[in-house]
Amino acid sequence: MKFQNVKGTRDFYPPEMAVRNWLVGKWREVSQRHGFEEYDGPALEYLDLYVAKSGEGIVSELYHFEDRGGRALALRPEMTPTLARMVAARANALPKPIKWFCVPNFFRAERPQRGRLREFLQWNIDIIGAPEDRTDLADAECISVALDLFEQLGLTTEHVEMRISSRTVFAEILSTLKIESDRHPLIFNVLDKRGKIPPEVFDAELAKTGLNETQRNTLNEMMSVRGDEAFSQVEAILGPSAKSDSSCAQLKSVLNALKEQDDRKALDYCVFDPSVVRGLDYYTGIVFEAYSTGDVRRAICGGGRYDNLLAEMGGGHLSGVGFGMGDVVLGEVLEECGLIPGLTESVECYVATEIAEKIPDVWTIVNILRRQMKQSCIFSYKAGSLKKQFQQAAQHRAEFCIIVGPSLAVKHMATGRQIDLDLPSNLHTGSAQKMLREELSKTFATLKQSDT
RNA sequence: GUGAGCGUAGCCCAAUUGGUUAGAGCACCGGGUUGUGGUCCCGGGGGUUGCGGGUUCGAGUCCCGUCGCUCACCCCA
């Protein structure tokens with residue numbers, strides 16, 4: 001084999017493409033039900049767009065090159081900069097809140113490993129410009145979209161959980177612990193690693209940021225519990241400042257909104273988990289990650305509130321919340337849970353003949369079916385044994401097989417029932433074609449009825 | 001970029017531990033039976049054992065290199 005696909009990319013043969021289309025279809029369906037509009041941007045952007053958001057360090061992580069005009073371009077590694085750019089360009093003209101989604105492919109120049117490729121699809125959901133005093137509802141709606149998707153895919157609370165935390169709660173805790181806010185980003189960065197490194201290493205890393213033992217222990221204890229217990233811990237740490245307008249209350253109101261849904265099922269997926277921090281500096285409010293409860297360890301999706309990002313990228317002061325969900329990890333989880341359906345492409349008709357001289361008639365009938373009757377239709381280019389052609393018809397999940405011989409026969413593949421029709425001697429007259437159409441329609445209907 | 005494991009047919013795997021001409025199954029193509037279908041039977045194409053070198057009378061098997069894949073680290077938008 002001389003050529004192969006580029007490392008970290010995938011070939012989608014028809015069976016894989018069917019699964020991909022199925023998944024993307026679910027993403028679209030759920031997005032639209034929640035009132036999100038689809039958009040897209042270019043796969044190529046100026047390299048500077050990403051440097052502006054993430055710093056020079058990002059350059060080694062993405063595919064970039066110089067075009068013939070000397071411009072530094074990059075293949076998009078994420079959507080947020082493009083989204084910010086697009087929103088900024090029409091910030092005043094777009095009705096708020098802006099609720100957009102997209103399902104683009106992204107490229108990252110990383111070493112592929114489990115759940116991570118160099119090209120992948122990612123569903124992006126964003127709500128921008130929600131009223132500042134009701135961002136809790138935007139947060140809840142955003143999370144609700146993800147949970148609805150899980151339900152649509154058959155992923156239950158047995159399979160996945162949504163871990164929710166809040167950067168503002170953390171900020172308040174750090175302030176209570178007398179840690180200046182300019183050190184918060186550095187500390188968040190360490191806190192984010194907590195689940196991935198041994199406890200001693202974690203403690204040492206925290207110590208490096210200048211936290212004393214009491215501060216470290218307080219954070220560690222709080223991050224080791226979840227749910228109501230975590231709320232108690234947080235409230236204990238915050239003490240008298242944990243009032244109704246506190247960050248903690250805001251987080252609770254997001255969870256409450258999810259609870260208010262009619263079936264209350266959404267909340268069952270969710271848990272307050274202070275160990276969720278997220279690695280990005282721009283998050284300003286709630287942060288959340290969905291995880292499989294099974295063997296797949298990576299996050300299925302992640303997101304949060306980013307109220308300053310748009311302004312930083314020149315988009316004016318607009319609140320924002322959103323998440324991304326990649327197809328790779330999700331696909332692995334679905335596979336593991338046996339939730340990927342059998343998706344064989346099917347056609348409505350197969351036209352067969354044993355007689356070589358009838359091939360022109362086959363071709364004519366195929367065209368009548370396709371062009372006049374709008375039926376999907378395939379046939380064999382060569383006359384041959386009916387056995388073989390039936391096998392092909394069955395392989396393609398044809399609903400009907402039309403056999404052209406001295407006369408016509410229509411066979412219903414599911415039941416094996418067969419009805420004979422006359423074959424007009426000249427298929428090229430309008431009246432013959434009209435008659436054939438009517439006969440075929442009637443026969444299809446009859447055979448379908450007998451099925452039920 | 002760092003480390004580890006693995007490379008035999010399109011796919012999943014064999015090959016008596018170094019011994020003749022590298023084999024099955026699935027898939028694909030062709031033929032036959034059931035006289036018009038997913039069964040069964042027969043046949044066929046397809047491999048320089050990733051590639052290159054070395055040790056040996058002899059290498060798919062051992063050694064070195066290289067490429068590729070996978071997993072982990074880094075990073076995670």
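Every chain is numbered from 1, with letters handed out A, B, ... down the list of sequences.
Between R114(A) atom CZ and rC75(B) atom C1' the separation is 19 Å, expressed in whole Å. Between the P atom of rG10(B) and the CD atom of E16(A) lies a distance of 17 Å, rounded to the nearest Å. Taking atom CD on Q389(A) and atom P on rC29(B), their separation rounds to 13 Å, with Å as the unit. We find that CZ of R298(A) is positioned 10 Å from C1' of rA72(B), with the value rounded to whole Å. Going from atom CD1 of I58(A) over to atom P of rC74(B) covers 17 Å, rounded to whole Å. Rounded to whole Å, the distance from CD on Q122(A) to C1' on rC76(B) is 11 Å. Regarding R118(A), its CZ atom lies at a distance of 17 Å from the P atom of rC76(B), rounded to whole Å. Rounded to a whole Å, the CD atom of Q392(A) is 17 Å from the P atom of rU36(B).
Base engagement by A394(A) is indicated by at least one non-hydrogen atom pair under 4.0 Å involving a base atom. In this structure, R397(A) reaches the bases: a heavy-atom distance under 4.0 Å links it to at least one base atom across the strands shown. When heavy atoms are screened at a 4.0 angstrom cut-off, Q395(A) is found touching the sugar-phosphate backbone but no base atom. Counting any heavy atom pair closer than 4.0 Å across all strands shown, G302(A) reaches no nucleic acid atom. Nucleic acid contact class of M79(A) (heavy atoms, under 4.0 Å, all strands): none. K7(A) comes within contact range of the sugar-phosphate backbone alone, with a heavy-atom separation under 4.0 Å but no base atom that close.
Salt bridge status for E61(A) with R108(A): absent, with no side-chain N to carboxylate O gap under 4.0 Å. For the pair E78(A) and K53(A), the salt-bridge criterion is met [side-chain N within less than 4.0 Å of a carboxylate O].
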Go through the steps for Q372(A) and R437(A) under the test side chain to side chain donor-acceptor pair (under 3.5 Å), then give the verdict. CA-CA 8 Å; Q372(A) 298 180 23; R437(A) 285 200 304 272; 2.3 Å; yes

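When distances run from any side-chain atom of K411(A) to the nucleotides rG31(B), rC71(B), rG37(B), the shortest one goes to rG37(B). Of the candidate nucleotides rC76(B), rU39(B), rC71(B), rU39(B) has the atom nearest to the side chain of K387(A). Ranking rU36(B), rG31(B), rA72(B) by closeness to the R111(A) side chain, first place goes to rA72(B). Listed nucleotides rG31(B), rG38(B), rC75(B) differ in distance to K388(A); the shortest reach to its side chain belongs to rG31(B).
Taking the syn range as angles within 90° of 0, the glycosidic angle of rU17(B) is syn.
Across the C1' atoms, rG19(B) and rA59(B) are found 10 Å apart, a figure rounded to whole Å. If you take atom P in rG38(B) and the same atom in rC29(B), they sit 15 Å apart, rounded to whole Å. The P atoms of rU16(B) and rG60(B) are separated by 12 Å, rounded to the nearest whole Å. For the C1' atoms, the distance linking rG18(B) with rU61(B) amounts to 7 Å, nearest Å. Taking atom C1' in both rC64(B) and rU55(B), the straight-line distance is 11 Å, to the nearest Å. Atom name C1', nucleotides rG45(B) and rG31(B): the rounded distance is 15 Å, in whole Å. rU49(B) and rA9(B) have their C1' atoms separated by 10 Å, given to the nearest Å. Comparing the same atom, P, in rG65(B) and in rA4(B) gives a spacing of 12 Å after rounding to whole Å.
Counted by atom type alone, E45(A) and Y50(A) present zero donor-acceptor pairs between their side chains at under 3.5 Å. D126(A) and Y306(A) share a side-chain donor-acceptor pair at under 3.5 Å. Defined by atom type and a distance below 3.5 Å, a donor-acceptor pair is present between the side-chain atoms of T415(A) and H412(A). Between the side chains of W123(A) and S31(A), at least one donor N or O sits under 3.5 Å from an acceptor N or O.
At rC71(B), none of the side-chain N or O atoms of Q113(A) fall inside 4.0 Å of OP1 or OP2 (strictly under the cut-off).
In RNA chain B, runs of at least 3 consecutive Watson-Crick or G-U pairs, each pair with both distances below 3.5 Å, span B:1-7 with B:67-73, B:28-32 with B:40-44, B:50-54 with B:62-66.
Checked against the 6.0 Å centroid threshold, F379(A) and Y350(A) do not count as a close aromatic pair.
Ring orientation note: the planes of F36(A) and H34(A) are tilted relative to one another, at an angle of 30° to 60°.
With hydrogens and angles left out, the side chain of R116(A) and the base of rC71(B) share no donor-acceptor pair within 3.5 Å.
Comparing K193(A) and L117(A) by the nucleotide of RNA chain B whose heavy atom lies nearest to each, the residue mapping closer to the 5' end is L117(A). Take the nearest nucleotide of RNA chain B for E354(A) and for E289(A): the residue whose nucleotide is more 5' is E354(A).
Interatomic distance, CD1 of I300(A) versus CZ of F150(A), reported as 5.0 Å (0.5 Å rounding).
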